[in-house]
Structure formats: structure tokens, C-alpha cells
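Accompanying notes for the structure given below.
Per chain, numbering begins at 1; letters A, B, ... match sequence-line order. Please read all numbers here as calculations on a predicted model, not as lab measurements.
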Amino acid sequence: MKKFETFTSRVVPLPIDNIDTDQIIPARFLKTISKAGLGDQLFNDWRYDDAGNPNPDFILNQPRGRNAGVLLAGDNFGCGSSREHAPWALTQFGFHAVISTSFADIFRGNAVKNSLLPVVVPKDAHEELFAALEIDPDAKVEVNLADQTLTLPSGRKVEFPVDPFARHCMIEGVDELGYILQQQGAIAAYEATRTCPLNTLP
Amino acid sequence: MGKPRTIVEKVWDSHVVCERPGAPPLIYIDLHLVHEVTSPQAFEGLRERGLKVRRPDLSFATTDHSTPTTDRSLPIADKIAAAQVAKLEANCKEFGIPCYGYHSEHQGIVHVIGPENGLTQPGMTVVCGDSHTATHGAFGALAFGIGTSQVEHVLATQCLLQAKSKTYQVNINGSLKPGVTAKDVILALIARIGIGGGTHTVFEYCGSTIRALSMEERMTICNMSIEGGARAGLIAPDDTTFQYMHGRRFMPKGAAWDAALDRWKQLPSDEGAVYDRSISIDTAALEPMVTFGTNPGMGIPITQPVPDPGSLADPLERDSLAKALHYMNIEPGKPLLGHKVNVVFIGSCTNARITDLRAAAALFKGRKVSPNVRVMVVPGSQDTKRQAEAEGLDKIFREAGALWREAGCSMCIAMNGDQLAPGEYSVSTSNRNFEGRQGKGGRTFLASPLTAAAAAVTGVVTDVRTLL
Ligand code: SF4
């Protein structure tokens with residue numbers, strides 16, 4: 001995993017509540033057996049018409065939807081399925097952080113494992129940011145994971161919560177599996193203490 | 001005596017492998033279910049690192065999502081889907097994981113085959129790369145969905161780093177009126193708390209309504225816990241649970257069964273156990289429910305009007321409701337009753353078990369499907385399919401004019417060729433009505449198998465109680 005560094009970026013606003021993973025990446029693109037190419041399908045059904053042409057009204061097809069590292073969405077972002085294809089598609093498109101007032105649990109867990117930071121902000125900061133982007137679509141925010149702060153275009157800093165272990169892994173660029181593999185002694189000791197309730201093998 | 005604990009705490013406490021400073025607890029997983037969509041990249045990760053599957057004997061796979069529900073003697077026409085199904089079978093072979101593949105007589109939706117074969121047992125931790133894993137909570141298991149990275153973690157180590165969830169007691173009391181089902185209960189709960197209402201929590205469903213339900217009905221309720229935002233949802237095991245489980249393929253037998261039974265009986269929450277949150281629902285006055293919008297929280301009693309965005313104060317909420325009604329092309333202020341329907345789908349891990357098929361068949365019996373409606377009945381597993389056929393249910397469906405298919409997720413997720421055309425309306429027994437969930441541009445009304453069958457015979461959204 002890449003180390004997550006502090007960055008400053010323009011922001012793409014998507015003022016919709018409850019954006020579910022079927023919108024982030026529709027299920028028909030989940031037939032793949034790799035991770036490649038998913039960024040092209042990000043928000044497919046909003047982004048392209050039935051003939052596959054870009055829908056000019058959708059923000060990702062506009063200049064302001066390009067080259068921005070931050071997505072600003074409505075409440076409860078990422079609800080629905082457990083597909084990790086959602087953060088894969090978002091990061092492949094170029095997002096490093098998503099700002100919302102809340103995230104669905106599984107999405108949040110999947111995001112941090114792919115160096116995509118879910119930034120939970122209070123309602124007033126959320127509204128301030130949407131308003132700032134209305135006035136200046138090129139307004140920038142700074143995302144600082146080490147300090148757990150988001151600096152709004154006004155210069156106001158808001159703190160956001162992050163699971164300390166996820167934060168450590170993202171900043172150091174280490175992945176969880178490496179850590180779990182180091183606990184094999186404890187795992188074997190645990191297994192030795194219990195009778196197995198199941199054997200699926202023939 | 002220690003502090004009284006909830007069932008969630010009991011299962012949790014007995015699965016903590018270790019807890020190191022600075023990291024979440026490491027939790028042991030008793031059953032890992034695997035399917036074709038969320039596993040290929042995880043197996044690839046194992047290969048890249050040169051790792052093995054630690055406990056193939058606690059793992060089980062099947063193919064369901066991109067699996068066609070048409071004639072199994074034919075090859076899968078969609079080449080990409082065919083490759084994904086073949087990849088699962090090849091990965092399972094390479095890593096030694098048992099798999100009910102495309103041609104297995106036991107193949108089916110992962111959350112149907114687990115309980116059906118006795119893989120799911122009380123007190124277990126169960127995971128799957130699938131958000132509806134909560135279904136297995138009906139047995140008193142702590143069961144939750146995970147992403148592909150975590151699928152790889154469990155394959156490699158049988159463990160997960162997992163923060164402890166809060167507990168949410170959902171008390172459901174009252175007896176259900178005729179025509180009102182478990183599906184209506186869970187849709188009513190989600191309409192009340194919203195699709196983010198259970199975020200960070202695990203539901204424990206309690207109360208007289210729950211106790212009176214069959215295991216299949218309990219699975220319908222637990223299945224949709226994720227639609228309420230909860231990580232998992234479970235129900236303490238009781239005699240109904242033990243009767244359902246006894247004798248199933250992977251259940252302990254003989255003395256091992258008796259010993260397990262003693263353990264399982266210790267699981268229900270202790271008197272005086274404390275929950276982080278709680279809610280009470282009275283089901284005595286409950287009506288059949290239907291959704292009108294583009295998330296499962298947008299549900300109403302079938303006789304009630306669709307809400308008006310103009311009545312909402314919060315601008316984002318108002319816009320979201322207006323956007324949903326625009327997508328659905330539905331007017332606020334009147335009930336959905338009488339709204340035209342193009343497709344009826346009876347299936348999915350929510351409602352494709354034998355009792356669901358029996359309920360639908362009872363309504364179809366002696367009736368014909370409306371000529372304007374395409375009706376698909378898709379059993380949850382090949383075992384369920386055979387049982388339904390032994391009971392003659394397939395004949396009732398066919399004679400009514402419905403399609404009777406092979407097992408799979410089918411039109412719940414529209415990955416396998418079964419899908420709505422743009423603009424079409426379905427009444428569906430599945431769990432999600434998100435935009436495009438059943439095919440790009442398709443519009444979904446979620447409802448119970450009874451309400452779906454009623455729409456199939458009338459061609460419009462119908463209050464099933466008028467047909468009983
Ligand atoms: S039936 Fe639907 S919800 Fe259930 S596992 Fe399949 S796709 Fe997921």
C-alpha cells in the first residue's frame with residue numbers, strides 16, 4: 001500500500017444522500033476477476049447514457065470533475081454491498097479522500113485498506129464546504145491524516161475521527177495482512193484451546 | 001456470577017484471539033463462505049504472497065451471483081461470467097476449499113446453502129464477501145459481510161481485525177395478521193429507522209413476533225439487517241432453531257450434537273444484559289409493506305400514500321426523495337396500489353426458501369399470471385428446487401404462467417442476464433431497490449412473496465389481503 005501523505009486538492013461535490021455501492025460501481029462490472037479498469041466504470045449509470053456516451057450534466061464529465069483528489073458526498077456514503085470494487089474504482093479514478101457526514105461500515109473498512117480516506121465532518125462543516133464550492137468551484141481543501149484535520153477553503157480546520165490502527169497503516173503504507181500474519185503464534189494457541197465446531201471437508 | 005451479557009457479547013468474547021495495543025482485537029472466524037464475485041482478487045493476493053488457505057475445513061464456496069438460471073446442461077453464454085465461475089472452481093481446487101460449483105446438485109445462493117446444509121451453527125462467527133451474510137444470524141451466529149481484502153485475510157489466517165460493534169436491541173411484539181409476513185416486518189423496521197439507522201451496531205431481534213417465526217422467516221429478517229445499516233443482526237437460538245438444524249449435512253451427530261446443544265443453550269442474552277440502543281415495534285397493526293423509492297428505507301404500508309418531498313425540511317433529504325421519485329417516475333401523495341408492473345421476481349437470499357415458494361404457490365394456485373407481466377420464480381438453491389418440485393410447486397408456477405428457473409441470485413443483482421429493461425417496473429422479493437440494481441434504468445418495488453404473487457396475477461401493485 002502507498003503511504004498516505006498530506007495533500008491539498010480541489011473537491012468534486014456530489015450533493016446526494018445515501019450514495020450506494022451500486023451507483024459507485026454497478027454490479028454488472030463485477031464479473032471481472034481482476035481490479036484493473038474499474039475507474040472507467042465509476043458512477044457508470046450516472047456518467048454515461050444508454051448508448052455509452054458521457055452525460056454532459058454529470059460532474060465527472062465536466063472539467064471540474066477532473067484532477068481532483070477529493071469527493072464531497074451527502075450523508076451515509078457507500079451503503080449497500082460489501083464490494084471492494086467501490087474503493088478500487090474511486091481510487092483508480094484519482095480520489096484519495098471522500099468527505100461526508102457519515103459512511104456505511106463496510107465501505108469505510110474497505111476504503112482505508114485501499115488508501116482511500118473517509119473523512120467524517122460535522123454537519124456545519126459539510127454545509128460550509130458545499131457553499132464554498134458554489135462560490136468557487138476551484139476552492140481547495142487540505143487533508144492531513146497525521147493531524148486528523150481537514151482545512152476548509154475558509155482556512156477553518158476541522159478535526160475528523162479515524163480508527164488509530166487504520167491511520168497507522170495508511171501513514172506507514174503497511175497492510176493489515178502483514179500484521180495479522182505476525183500473530184500466527186497467538187492464532188495457533190487459540191485454535192489449540194477449542195474443539196472445532198465444523199469440518200467442511202469431505 | 002459475572003456481569004450479564006448479550007448474545008453478541010458472548011459470541012464476541014469467545015472469539016477474541018488476542019488484543020494488542022494500538023490495534024483492534026483479532027477475531028477468529030468459524031465459517032468462511034466464498035462466492036465467485038468477491039474472491040478472485042483475494043486468491044490472487046494469496047498467490048502473489050505465496051500463502052496457503054489456513055483452514056480449508058472451515059471454508060465453503062458456491063457459485064451464485066453471475067450464475068445463469070437457465071438450463072445447466074448448456075455452457076454459460078456470457079464469456080466474462082463463465083470465466084468468473086470457472087475461476088472460482090479452479091481457485092477452490094487449487095487451495096483445497098470445498099465448492100458447490102455450477103454443476104453441483106447442491107449449488108445455490110451462498111446464504112441459502114449455508115443454513116440448508118447445516119454449515120451455519122449457533123455461536124459461530126461467520127463471514128463472507130457479501131453484505132447479506134447477516135442472514136446466518138437467524139441461528140444465533142455473529143455473521144457479517146466483508147470486503148475482498150478481508151476475504152484474503154480470512155483465507156490466509158482464519159482471523160480478522162475487527163472493532164467491537166455496539167448492540168441494538170430490536171423488540172418486535174405482536175402477532176402478524178393474515179397477508180403480513182416477516183418481509184413486511186423488516187421493511188417496516190427499516191422505514192422507521194432509515195438505511196443508516198443501525199450503523200456501527202449489531203441488531204438483536206427479540207420479542208413475541210420473532211419467537212413465533214419459522215427459521216426461514218427469521219432468515220428473511222436477519223438478511224436485511226444491512227439495509228438498516230447494521231453490521232449484523234441475530235436471533236438467539238431456541239427449539240425452533242434446534243429442530244431446523246437437527247440432522248442436516250454438516251451438523252454434529254450423536255453425542256457431539258448433545259454436547260453442542262448444551263453449549264448453544266447458554267447463548268441467549270442474560271437477564272439484565274445491557275444494550276447500547278433499543279427500539280420497540282408493535283406488529284399487531286402492521287400492513288403489507290412496499291417500497292416506492294430507490295433505497296430500502298423508502299417503504300410504506302401498502303394502503304398509504306407515497307410521501308411528498310415538499311414536506312421535508314432538510315434540503316439534501318428533500319432533493320434525495322425528489323431524485324428517487326423522478327427516477328421511479330412516481331407521483332407523491334397517492335398510494336402505489338394499482339400501479340402497473342412489468343416483471344415479478346420471486347427469489348434472492350431474502351425470499352427464495354421453501355416456505356417463500358409455498359406461500360407464493362398458494363396464491364398462484366388456480367390463478368393465472370396477468371398477460372402483461374413476466375414472472376420469474378428462482379429457488380434459492382438446487383436442494384430447495386428439488387424439494388419444491390417434490391411438493392408440486394413448480395407445476396403450480398408453470399400452470400399459472402410463471403417461469404421456474406435454476407438456482408442463483410438472478411434478478412436480485414442482474415449480473416447473470418436476468419434483468420429489467422430500462423423503464424420497467426418490478427415487484428421483487430429481493431432486498432435492494434437501488435437505481436439500476438435490477439438492470440440499468442429498471443425500477444423496483446420491494447415486497448413480500450405474497451405481495452409479489454398478488455401483483456403477478458393482477459398486473460398491478462395489489463394489497464394481497466384482497467385476494468386471500
Ligand atoms: S441474492 Fe442478491 S443479496 Fe443475496 S447474495 Fe445474491 S446478489 Fe446478494
Side-chain angles (χ1 to χ4, degrees), chain A residues 15-18 20-23 26-28 30-35 44-46 50 74-76 79-88 102-107 109-110 113-114 163-165 168 175-177 179-181 183-184 186-187 189-191 194-202, chain B residues 17-18 22-24 26 28 30-31 37-38 40-41 56-60 66 80-81 83-84 87 98 119 121 124 129-131 145-150 152-153 156-159 161 163 195-196 199-200 229 231 250 260 295 316-317 319-320 323 413-415 422 432 434-437 440-441:
Chain A
I16 301 168
D17 286 345
N18 301 313
D20 60 79
T21 54
D22 276 280
Q23 307 320 311
R28 61 186 184 279
L30 272 47
K31 287 185 266 187
T32 173
I33 54 171
S34 81
K35 300 179 185 176
N44 186 285
D45 291 0
W46 292 344
D50 290 344
D75 295 347
N76 194 32
C79 58
S81 87
S82 65
R83 62 189 71 163
E84 202 158 320
H85 309 69
W88 294 337
S102 59
F103 291 87
D105 285 331
I106 308 180
F107 176 84
N110 285 342
K113 290 178 188 61
N114 291 280
D163 167 68
F165 185 71
H168 162 80
D175 76 321
E176 280 189 24
L177 181 52
Y179 171 87
I180 305 174
L181 285 167
Q183 315 298 322
Q184 300 213 49
I187 299 171
Y190 176 86
E191 283 173 331
R194 59 205 305 266
T195 41
C196 195
L198 183 70
N199 181 2
T200 62
L201 298 179
Chain B
V17 171
C18 62
L26 191 65
Y28 200 77
D30 292 322
L31 173 62
V37 175
T38 53
Q41 298 87 349
D57 57 328
L58 301 181
S59 312
F60 208 92
S66 50
I80 308 174
Q84 192 176 54
K87 192 76 194 171
L119 292 162
Q121 297 171 19
M124 280 182 160
D130 194 285
S131 59
I146 56 177
T148 296
S149 293
Q150 290 188 313
E152 187 180 341
H153 299 176
T157 68
Q158 204 59 28
C159 289
L161 288 165
I195 58 171
T199 305
H200 308 321
R231 206 55 220 282
F250 288 101
N295 75 51
L316 258 186
E317 276 178 34
D319 291 354
S320 297
K323 182 174 182 293
I413 192 164
M415 286 181 69
R432 286 186 176 145
F434 297 142
E435 287 182 28
R437 171 77 177 189
K440 188 174 177 182

- Query: Any idea which of A:Thr195, A:Thr21, A:Ile16 has the most non-hydrogen atom pairs under 4.5 angstrom with chain B?
  - Reply: A:Ile16
- Message: So, taking the atom named CD in A:Gln183 and the one named SG in B:Cys18, what distance separates them when rounded to the nearest 0.5 Å?
- Response: 4.5 Å
- Message: Please check: side-chain N/O of B:Glu435 versus main-chain N/O of A:Gln23, any donor-acceptor pairing under 3.5 Å?
- Response: no
- Rounded to the nearest 0.5 Å, what's the gap from CD1 on A:Ile180 to CD on B:Gln150? Could you check? 8.0 Å
- For A:Pro15 and B:Leu316, which heavy atoms make the closest approach, and how far apart are they? O-CD2, 3.1 Å
- Query: Is there a donor-acceptor contact under 3.5 Å from the side chain of A:Asp105 to the main chain of B:His200?
  - Reply: yes
- Could you tell me which non-hydrogen atom of B:Glu317 sits nearest to which non-hydrogen atom of A:Asp17, and how far apart they are? N-OD2, 3.7 Å
- Given B:Gly145, B:Pro98, B:Ser149, the one with more heavy-atom pairs under 4.5 angstrom with chain A than any other is B:Ser149
- For A:Asn76, is it the side chain, the backbone, both, or neither that has a heavy atom closer than 4.5 Å to a heavy atom of chain B? side chain
- Task: For the residue pair B:Thr157 and A:Leu177, establish whether any side-chain heavy-atom pair is separated by less than 4.5 Å.
- Result: yes
- Query: Under a 4.5 Å heavy-atom cutoff, which of A:Asp45, A:Asn110, A:Asp175 has the most pairs with chain B?
  - Reply: A:Asp45
- Task: Kindly indicate whether the side chain of B:Gln41, heavy atoms from C-beta on, has any atom under 4.5 Å from the side chain of A:Glu84.
- Result: no
- Contact origin within A:Asn199 toward chain B - heavy atom pairs under 4.5 Å: both
- Look at B:Ala163, B:Pro56, B:Pro422, B:Ala156 and state which one has the largest set of heavy-atom pairs under 4.5 Å with chain A. B:Pro56
- So what's closer than 4.5 Å to chain B heavy atoms on A:Ser81: side chain, backbone, both or neither? both
- Message: With a 4.5 angstrom heavy-atom cut-off, is it the side chain or the backbone of B:Gln121 that approaches chain A, or both, or neither?
- Response: side chain
- Task: Step by step, work out the side chain to side chain contact (heavy atoms under 4.5 Å, CB included) result for B:Glu152 and A:Lys113.
- Result: CA-CA 12 Å; B:Glu152 187 180 341; A:Lys113 290 178 188 61; over 6 Å; no
- A:Asp50 versus chain B, the contacting section by heavy-atom distance below 4.5 Å: both
- Smallest separation among heavy atoms of B:Val17 and A:Ala186, with atom names: CG1-O, 3.6 Å
- Message: Can you tell me which portion of B:Ser320 sits under 4.5 Å from chain A's heavy atoms? Options are side chain, backbone, both or neither.
- Response: side chain
- Gap between atom CG of B:Asn295 and atom CG of A:Asp20 - 0.5 Å precision: 8.0 Å
- Item | Options B:Thr199, B:Thr148, B:Asp319, ranked by heavy-atom pairs under 4.5 Å with chain A, top entry | B:Thr148
- Message: To check you understand the geometry: which heavy-atom pair defines the closest contact between B:Phe434 and A:Gly80, and what is its length?
- Response: CE1-CA, 3.9 Å
- Taking atom CG of A:Leu198 and atom CG of B:Asp57, what is their separation to the nearest 0.5 Å? 7.5 Å
- Item | Gap separating the CG atom of B:Asp130 from the CZ atom of A:Arg83, nearest 0.5 angstrom | 9.5 Å
- Query: Do the side chain of B:Gln84 and the main chain of A:Thr32 share a donor and acceptor less than 3.5 angstrom apart?
  - Reply: yes
- Task: Quick one: closest heavy-atom pair of B:Ile413 and A:Ala27, and the distance?
- Result: CG1-CB, 3.3 Å
- Item | Proximal component of B:Ile146, with respect to chain A [non-hydrogen, under 4.5 Å] | backbone
- Message: For a quick test of reading the model, state the closest non-hydrogen atom pair linking B:Ala23 to A:Tyr179 and the distance between them.
- Response: CB-OH, 3.4 Å
- Item | Note, A:Ile106 side chain near B:Ser131 side chain (heavy atom, < 4.5 Å) | yes
- Message: To the closest 0.5 Å, what do you measure between OH (B:Tyr28) and CD1 (A:Ile187)?
- Response: 8.0 Å
- Query: chain A heavy atoms under 4.5 Å from B:Lys323: which part of the residue, side chain, backbone, both or neither?
  - Reply: side chain
- Which bit of B:Ser66 comes within less than 4.5 Å of chain A, counting heavy atoms only: side chain, backbone, both or neither? side chain
- Derivation and outcome, side chain to side chain contact (heavy atoms under 4.5 Å, CB included), residues A:Tyr190 and B:Leu26: CA-CA 11 Å; A:Tyr190 176 86; B:Leu26 191 65; over 6 Å; no
- Message: Counting only non-hydrogen atoms closer than 4.5 Å, does A:Pro26 touch chain B with its backbone (N, CA, C, O), its side chain (CB onward), both, or neither?
- Response: neither
- Task: Can you tell which part of B:Asp30 gets under 4.5 Å to a heavy atom of chain A, answering side chain, backbone, both or neither?
- Result: both
